Protein chains: 2
Amino acid sequence: MIMTQRAGGPRPVPTLEMVAALAGVSRATVSRVVNDSPSVDPELAQSVRKAIEALDYTPNRAARSLAKRRANSVALIIPESTSKVFADPFFTTVVQGIAMYLTDTDFTLNMVIASEAKPEKTRSFLLGGNVDGALVVSHHSGDHSWTHLSGSLPMVFAGRPLVGAEDAYYVEVENEAAACSATRLLTASGRRSIATIAGPQDMPPGIDRLAGWRTAVREAGLDDQLVEVGDFTLASGARAMQRLLDRGRPVDAVFAANDQMAAGAYTVIQGRGLRIPEDIAVVGFDDDSFATSVTPALTTVNHPIVELGRKMAETLVDMIEGRPTDRVTIMSTSLVLRDSV
Amino acid sequence: MIMTQRAGGPRPVPTLEMVAALAGVSRATVSRVVNDSPSVDPELAQSVRKAIEALDYTPNRAARSLAKRRANSVALIIPESTSKVFADPFFTTVVQGIAMYLTDTDFTLNMVIASEAKPEKTRSFLLGGNVDGALVVSHHSGDHSWTHLSGSLPMVFAGRPLVGAEDAYYVEVENEAAACSATRLLTASGRRSIATIAGPQDMPPGIDRLAGWRTAVREAGLDDQLVEVGDFTLASGARAMQRLLDRGRPVDAVFAANDQMAAGAYTVIQGRGLRIPEDIAVVGFDDDSFATSVTPALTTVNHPIVELGRKMAETLVDMIEGRPTDRVTIMSTSLVLRDSV
DNA sequence: TTGTATGCGTTATCAT
DNA sequence: ATGATAACGCATACAA
């Protein structure tokens with residue numbers, strides 16, 4: 001019987017020192033090869049690489065961080081109300097983009113869920129040199145209580161922060177313009193009573209999308225008072241739609257500030273025996289999974305969320321590396337026409 | 001004007017040494033306090049704690065890891081087909097549970113997306129002492145190519161792995177029993193042509209849920225050939241439903257192996273002018289966001305996914321800490337009755 | 001109970 | 001171009 005695996009427990013993790021010994025060079029040289037320093041003899045470098053390969057050596061992150069005074073990791077700050085946030089396709093998609101970008105760097109992604117009860121814990125973790133930067137995704141949560149750390153730690157936000165936007169780094173979607181275009185779809189098709197289910201008015205996306213809707217209905221000379229606000233959840237969208245319908249005034253179209261609320265609106269519209277789009281046209285915003293899981297499929301605003309996440313990570317890494325980078329980047333959107341209008 | 005903040009750039013990160021100096025003790029003592037060692041004078045401990053507070057000291061993770069030869073972090077392995085995985089509410093919810101549990105420990109969550117192109121990279125990262133354990137969530141992806149590392153690194157799987165289940169640690173949902181109960185809902189209400197949209201037959205959830213359905217239809221003396229398989233995506237559910245309807249045989253009920261596929265089925269059922277549940281009753285599995293975003297709301301199987309994630313993390317931490325822990329945990333489910341049956 | 005000294009695996013500074 | 005050697009911040013035998 002041939003033993004293909006050494007007995008005696010798991011093989012010890014190879015160290016730089018072992019590589020040095022095998023290659024017959026000093027640790028310094030191995031280190032140089034690992035960090036591909038230019039000043040190392042090509043031949044020597046080769047033999048070192050061979051030794052690395054042979055031992056399946058991987059640098060110890062902790063030791064490296066300690067020596068370089070650099071964590072090589074970035075934090076993903078998640079507001080405590082996690083249950084909401086994880087149910088939000090926007091959030092998960094941004095994270096996907098972030099994760100994908102970071103995979104190609106040697107930064108590690110640290111998820112830290114920020115307890116609102118003891119913010120100092122999070123604070124000192126972030127400032128304690130455990131991460132080199134932080135990403136904040138709170139699009140639909142409004143939690144921007146971390147903006148003040150921007151001065152002490154590289155930080156990038158998903159969406160313009162409500163306060164401190166003057167010097168914060170962020171990447172954002174062109175909410176207002178897109179909302180306006182989406183609403184124009186409705187005005188252009190002859191709808192005359194165009195309502196909106198707005199997002200919370202203390203969050204930039206909520207504010208901006210409402211503004212976009214208002215611009216469009218006004219320029220069409222229509223009533224701009226048909227607004228009810230929700231909180232971006234499906235249930236709140238349903239309630240808002242109810243209130244809209246209960247006003248007793250005709251409504252023949254509705255622009256929802258996100259797809260989840262649009263889906264909520266669907267349930268009450270169809271629940272009352274009204275047809276989409278014949279009786280009421282509806283358009284959403286985000287083009288997330290809700291848009292296609294609903295019948296009829298929802299016409300909505302698509303924005304490249306994965307790209308947004310990717311860009312956030314890229315910006316952060318650039319900041320950390322000291323490379324120049326844009327403080328704010330605006331992602332453009334597109335209308336995706338389906339069957340709800 | 002009172003200066004509340006020192007000028008001269010960011011305050012240097014406080015070290016254990018500085019705390020020791022301020023408290024007038026040795027670094028060893030501070031270290032003991034930090035790791036709350038029992039053998040330290042309560043009074044002294046207090047003054048040390050005061051110093052820690054005053055300096056806002058946080059232990060440097062890298063240094064600590066290096067000294068303890070422990071990363072204090074666990075990896076969350078994500079299959080490369082990330083786009084699919086992030087769109088899967090099951091995945092994100094499990095992650096939520098994991099994150100929530102870890103927040104209360106001092107383990108950090110490392111998201112590593114496993115490139116299938118160069119698995120050695122992931123392998124040596126995992127085995128290189130950079131993490132103390134790994135969590136793999138591939139419920140709907142079937143990627144269990146990491147089972148073989150179980151011997152070298154504490155690992156916990158979400159869902160029974162297809163291979164190596166004999167010694168793998170995992171936490172799983174009682175898929176078969178739940179699928180059976182769900183289907184009985186249909187047989188009990190008098191449906192006679194009960195189809196199923198099954199999941200992939202190379203994934204345990206796909207296999208087990210189909211088995212559960214089969215048990216129920218057989219015990220009711222019904223045809224057990226009305227099965228089409230999908231891949232857990234909405235689109236595949238729609239296609240499967242189409243095939244089912246195109247068989248030319250009447251179908252008055254369908255059990256979908258997950259809610260997304262059920263939602264897909266909705267689109268074609270309603271697209272053909274059939275009513276749910278009058279013409280066709282449908283029941284899903286998972287009770288995710290799709291279940292309530294659809295009209296009529298979907299009757300489905302609820303399982304505590306957050307808890308599943310939490311349990312995974314707990315199991316892994318126990319393994320790492322050397323505490324005894326159950327190798328396999330089965331989470332129980334419940335039926336949630338809504339309007340689709 | 002407390003302090004001293006050494007090691008953890010790398011990088012960086014300095015000679016050579 | 002390469003090799004000693006000293007940090008990096010903390011934990012831990014061991015000594016006191």
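First the proteins, then the strands, lettered A, B, ... as listed; each starts at 1. Since the structure is predicted, the reported quantities are computational estimates derived from the model, not experimental observations.
Contact between the side-chain N/O atoms of Ser26(B) and the OP1/OP2 oxygens of dT2(C) is not found at any separation under 4.0 Å.
Partners of Asp106(B) by salt bridge (charged side-chain N to carboxylate O under 4.0 Å, His left out), not counting sequence neighbours: none found. Contacts of Arg32(A) classified as salt bridge (charged side-chain N to carboxylate O under 4.0 Å, His left out), with partners at least two apart in sequence or in another chain: none. For the side-chain contact (heavy atoms from CB on, under 4.5 Å) test, residues two or more places apart in sequence or in another chain that qualify with Thr103(B) are Ile113(A). For Glu53(A), there are no salt bridge (charged side-chain N to carboxylate O under 4.0 Å, His left out) partners, not counting sequence neighbours. In terms of the salt bridge (charged side-chain N to carboxylate O under 4.0 Å, His left out) criterion, Glu314(B) has no residue partners (sequence neighbours excluded).
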Sequence neighbours excluded and cut-off under 3.5 Å, please list the side-chain donor-acceptor pairs for residues 70-78 of chain A, or say none.
{"from": "Arg70(A)", "atom 1": "NH2", "to": "Glu321(A)", "atom 2": "OE1", "distance (Å)": "2.7"}
{"from": "Ser73(A)", "atom 1": "OG", "to": "Asn130(A)", "atom 2": "O", "distance (Å)": "3.3"}

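Met312(B) is listed as a side-chain neighbour of Val137(B), based on a closest heavy-atom distance under 4.5 Å.
One interatomic measurement links the two molecules: CG of Leu16(A) to P of dT11(C), which rounds to 6 Å at whole-angstrom precision. Rounded to an integer number of Å, the gap from Arg27(A) CZ to dT13(C) C1' is 14 Å. Atom-to-atom, OH of Tyr57(A) to P of dG9(C) comes out at 10 Å; the value is rounded to the nearest Å.
A distance-only check finds a donor-acceptor pair linking the side chain of Arg327(A) to the backbone of Ala168(A) [under 3.5 Å]. Of the possible polar contacts, one joining the Asp41(B) side chain to the Leu44(B) backbone as a donor-acceptor pair under 3.5 Å is found. Side chain of Thr122(A) to backbone of Ala114(A): no donor-acceptor contact under 3.5 angstrom is found.
When the local axes at the two ends of the helix from dT1(C)-dA16(D) to dT16(C)-dA1(D) are compared, using 5 base pairs at each end, they differ in direction by 40° after rounding to 10°.
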Please determine whether side-chain contact (heavy atoms from CB on, under 4.5 Å) holds for the pair Tyr169(B) and Leu316(B), giving the CA-CA distance in whole Å, both sets of side-chain angles, and the decisive distance to 0.1 Å. CA-CA 9 Å; Tyr169(B) 280 66; Leu316(B) 184 61; over 6 Å; no
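Shown for residues 31-45 of chain A: residues whose heavy atoms fall under 4.0 angstrom of DNA chain D, namely Arg32(A), Ser39(A), Val40(A), Asp41(A), Leu44(A). Heavy-atom distances under 4.0 Å link DNA chain C to Pro59(A), Asn60(A), Ala63(A), Arg64(A), Ala67(A) of residues 59-67 of chain A, given in residue order.
Under the ring pair (Phe, Tyr, Trp, His ring centres under 6.0 Å) criterion, the residue pairs touching residues 91-119 of chain B are Phe86(B)-Phe91(B), with sequence neighbours excluded. Residue pairs meeting the side-chain hydrogen bond (donor to acceptor under 3.5 Å, both in side chains) criterion with at least one member in residues 59-68 of chain B: none, sequence neighbours excluded.
Bracketed by its first and final contacts, the part of DNA chain D lying under 4.0 Å from non-hydrogen atoms of chain A reaches from dA1(D) to dG9(D) in 5' to 3' order.
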